[in-house]
Visitor: 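What follows is a single structure, and I will ask about it in a moment.
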Amino acid sequence: MQKTLMKTRWLAVVGGASLLAACGGGGGNSTTQAPGPTLVVGTDVPVAVEQSAKGVIDFAQTQLVATSESSEPLVLGDAKLSTDDAAEPADI
């Protein structure tokens, strides 16, 4: 039994190392990924909500889809939502 357990562990280690080695490298593509949305300081709210009403609506729609009863509440802090009195109403 001890030999079988050692053999199984050895195969798991070798297999895991092989998978990790296969994941790395490649490409050589020098493009950098765009940074994620920056947040309003001290909040969990993206800066876009302070810049445009569309940013507010996009953020609200994203939160409605992603929210569940087990998710943590968002920190709103001092974020100031943008408004646009001339824009047409939008569905959320």
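Everything quoted here is computed from the prediction, not taken from an experiment. For the numbers below, each heavy atom of this structure counts, side chains included, while hydrogens, waters and symmetry mates do not.
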Visitor: For Gln63 and Leu74, which heavy atoms make the closest approach, and how far apart are they?
Guide: OE1-CD1, 3.3 Å

Visitor: Answer yes or no: is there a donor N or O on one side and an acceptor on the other, between the side chain of Asp44 and the main chain of Val75, under 3.5 Å?
Guide: yes

Visitor: Looking only at heavy atoms, what is the nearest atom pair of Asp78 and Thr43, with distance?
Guide: N-CG2, 4.0 Å

Visitor: Do you know the tightest heavy-atom contact between Ser82 and Ala53?
Guide: OG-N, 3.6 Å

Visitor: Which atom names give the shortest non-hydrogen contact between Ala90 and Ile57, and what distance separates them?
Guide: CB-CD1, 3.4 Å

Visitor: Is there a donor-acceptor contact under 3.5 Å from the side chain of Gln61 to the main chain of Asp91?
Guide: yes

Visitor: Please report the closest heavy-atom contact between Val49 and Phe59, naming both atoms and the distance.
Guide: CG1-CB, 3.6 Å

Visitor: Please confirm whether the backbone N or O of Leu81 pairs with a side-chain atom of Glu50, one donor and one acceptor, at under 3.5 Å?
Guide: no

Visitor: Begin with the C-alpha distance, continue with both residues' side-chain angles, and end with the deciding distance and a verdict on side chain to side chain contact (heavy atoms under 4.5 Å, CB included) for Val47 and Leu39.
Guide: CA-CA 5 Å; Val47 174; Leu39 302 177; 5.8 Å; no

